[in-house]
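Each remark here refers to the structure printed beneath this line.
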Amino acid sequence: MLDIRRIREKESEVRQGLLNRGADVGLLDRVIALDRKRRELLTEVETLKNERNRTSRELGILKQKGEDISEKQRVMRELGDRIAALDRDVRTIESEMRDAMLLIPNVPHPSIPIGPDKSFNKVVRQSGEPRKFDFQPRTHVEIGERLGILDLRRAARMSGSGFPLFVGLGAKLERALIQFMLDVHVREHGYIEVWPPVLVNPASMTGTGQLPKLASEMYHIQSDDLYLIPTAEVPVTNYFREEIIERPLPIYLTAYSLCFRREAGAAGKETRGLIRVHQFDKVEMVKFVTPETSYAELESLVRNAEDILCRLGLTYRVIELCTGDISFSASKCYDIELWAPGQNDWLEVSSCSNFEDFQARRANIRFRDESGKPRFVHTLNGSGVACPRLVVAILENGQQADGSVILPEPLAPYMDGLTRLVPPVT
RNA sequence: GGAGGGGUGGCUGAGUCCGGCUGAAAGCGCAUGACUCGAAAUCAUGUUUGCCCUUACGGGCAACGGGGGUUCAAAUCCCUCCCCCUCCGCCA
């Protein structure tokens, strides 16, 4: 949610920012009009309430003295009616205003490229080069099925299309990746590990910005009004919802969780295999920081995610998203993409964003500055990283002509020393 | 799921039966000052949050789990929802 005062005082700046990301500025106009009307009504109704409070106090005293106050009560009743009517108007306006505010996206940071779509994104840096093959590289689906570690046919029978099913060493590999990533973030990067619920209430979904706009993207349990989380960002950011954080910032949290996405409308080659699935494992990083430090924190957040890929020896590049491509709640965002030879393409495995105080306002997460005044924190999050696509890259990059796959070295301790996946002899 | 108890400021905890000057006693904690070479102890003062008006000084409104109602007036009465605790039931 944007700061209404910022909208009042820097309207043109906010408007331009929203236009740059292709947002509906009509909502902004609506909010401005409602805000003006709201303050008008408040001034009026608060004056009346002041009068009521004063007179009520006097009536209490008069009544104790035994005087007849019925005539004055009658007058006051009329005053009460006027107040009630005005209060109703104020409440209506406030709820309309909130509804509109919740649908206005964040203002992009001035440093990011301006453009309507992802063709305006900027490659910031690349690590490694795409591997050259002396044979035709296979896709992870072919490799995984040949190794007997991936069984998408049975997954479809159990659940439908778009669900992963790892078997044997595949399941172990998935688990190894989760452990490895959590260990690196906790031991090397200073994060505290959290293991959150995967079902959350609507308030939490609203807090991070998934609701109201993205309702159709999520699985919803109607009988209990709970949502399956699309990312651990949701429960972990809501860790401090409705709180004034009383411990020193920054606070870094990391969490493994399952993530659930309906992916309604997604179709095409991406839907084959593990690249776009309804359920997947992900390790997420979330930061709560002071406003002054959030952009430096964004850079180190991206480095934390890159570190995982470096250690695994994978080729990746970092993309700075343009105004038209950043997500609803973000003001600046870097994506990290892995090279996947079987796809002959780059795969997004991480998205690292600074939300500034956009989520903190929705979720009401504050800290105290040096003077003790409550202020909204800045929140950030980044995937650190998403598992199935990581498996895709590991399989497709590590594949050998004989169908075996050489595993990244850091995984060995988590794989009981195993360094290579070999197809079963049939 | 059933029965009972409870949700008050950073914490503990009064007030709720019998509505009125209670944004809220008291204690703890915290901050500042005094005393002290310094510290402890002691004393004094201060110590919730949001919103509105105001250049400022300052003034006002709201909030005692959330929402609604009764009343001139609600932490206090009524309705409803949520959460926590205890016991019973069920259960990985």
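Lettering follows sequence order; numbering is per chain, from 1. Only a predicted model underlies this, so the values are computations on that prediction, with no experimental measurement involved.
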Watson-Crick or G-U counterpart of [N], or none if no pair lies under 3.5 Å:
N: A56(B); answer: none
N: C61(B); answer: G50(B)
N: C90(B); answer: none
N: A44(B); answer: U32(B)
N: G19(B); answer: none
N: U12(B); answer: A26(B)
N: U76(B); answer: none
N: G38(B); answer: none

Determine the Euclidean distance between corresponding [atom1] atoms of [M] and [N]; express it in Å to zero decimal places.
N: U8(B); M: G66(B); atom1: C1'; value: 15 Å
N: G10(B); M: G65(B); atom1: P; value: 13 Å
N: G13(B); M: U22(B); atom1: C1'; value: 16 Å
N: G1(B); M: C64(B); atom1: C1'; value: 32 Å
N: A26(B); M: C77(B); atom1: P; value: 24 Å
N: G23(B); M: C84(B); atom1: C1'; value: 25 Å
N: C90(B); M: C81(B); atom1: C1'; value: 25 Å
N: G60(B); M: U45(B); atom1: C1'; value: 26 Å

Within the structure provided, determine whether [X] and [Y] are in side-chain contact (heavy-atom separation under 4.5 Å).
X: Thr290(A); Y: Phe367(A); value: yes
X: Leu309(A); Y: Val349(A); value: yes
X: Leu301(A); Y: Met285(A); value: yes
X: Glu217(A); Y: Gln210(A); value: no

From C52(B), U49(B), C72(B), nucleotide with atom closest to Pro374(A) side chain: U49(B)

Select base, sugar-phosphate, or nothing to describe what [X] touches, counting heavy atoms under 4.0 Å on all strands.
X: Leu79(A); answer: nothing
X: Lys49(A); answer: sugar-phosphate
X: Leu59(A); answer: base
X: Arg54(A); answer: nothing
X: Arg88(A); answer: nothing
X: Arg8(A); answer: sugar-phosphate
X: Thr43(A); answer: sugar-phosphate
X: Arg74(A); answer: nothing

Backbone of Thr208(A) reached by a side-chain donor or acceptor of Ser329(A) within 3.5 Å: yes

Roughly how many Å is it from [atom1] in [X] to [atom2] in [N], rounded to a whole number?
X: Glu58(A); N: C21(B); atom1: CD; atom2: P; answer: 15 Å
X: Lys65(A); N: C21(B); atom1: NZ; atom2: P; answer: 16 Å
X: Leu48(A); N: G59(B); atom1: CG; atom2: P; answer: 21 Å
X: Arg368(A); N: U48(B); atom1: CZ; atom2: P; answer: 9 Å
X: Asp89(A); N: C52(B); atom1: CG; atom2: P; answer: 18 Å
X: Met101(A); N: C51(B); atom1: CE; atom2: C1'; answer: 14 Å
X: Ile83(A); N: G60(B); atom1: CD1; atom2: P; answer: 16 Å
X: Leu42(A); N: G50(B); atom1: CG; atom2: C1'; answer: 12 Å

Would you say [N] has OP1 or OP2 under 4.0 Å from some side-chain N or O of [X]?
X: Arg366(A); N: G50(B); result: yes
X: Asn53(A); N: G60(B); result: no
X: Arg39(A); N: C53(B); result: yes
X: Arg57(A); N: G20(B); result: no
X: Arg91(A); N: G67(B); result: no
X: Asn50(A); N: G60(B); result: no

Looking at [X], I want to see if its [atom1] is surrounded by more than 12 non-hydrogen atoms of other residues, nucleotides or ligands under 6.0 Å.
X: Arg98(A); atom1: CZ; value: no
X: Arg420(A); atom1: CZ; value: yes
X: Arg8(A); atom1: CZ; value: yes

Base G10(B) paired with Glu246(A) side chain (donor-acceptor, <3.5 Å): no

Exercise: identify the closest heavy-atom pair between Ile178(A) and Val283(A): O-CG2, 4.1 Å

Whichever of Ile4(A) and Gly80(A) has its nearest RNA chain B nucleotide further upstream toward 5': Ile4(A)

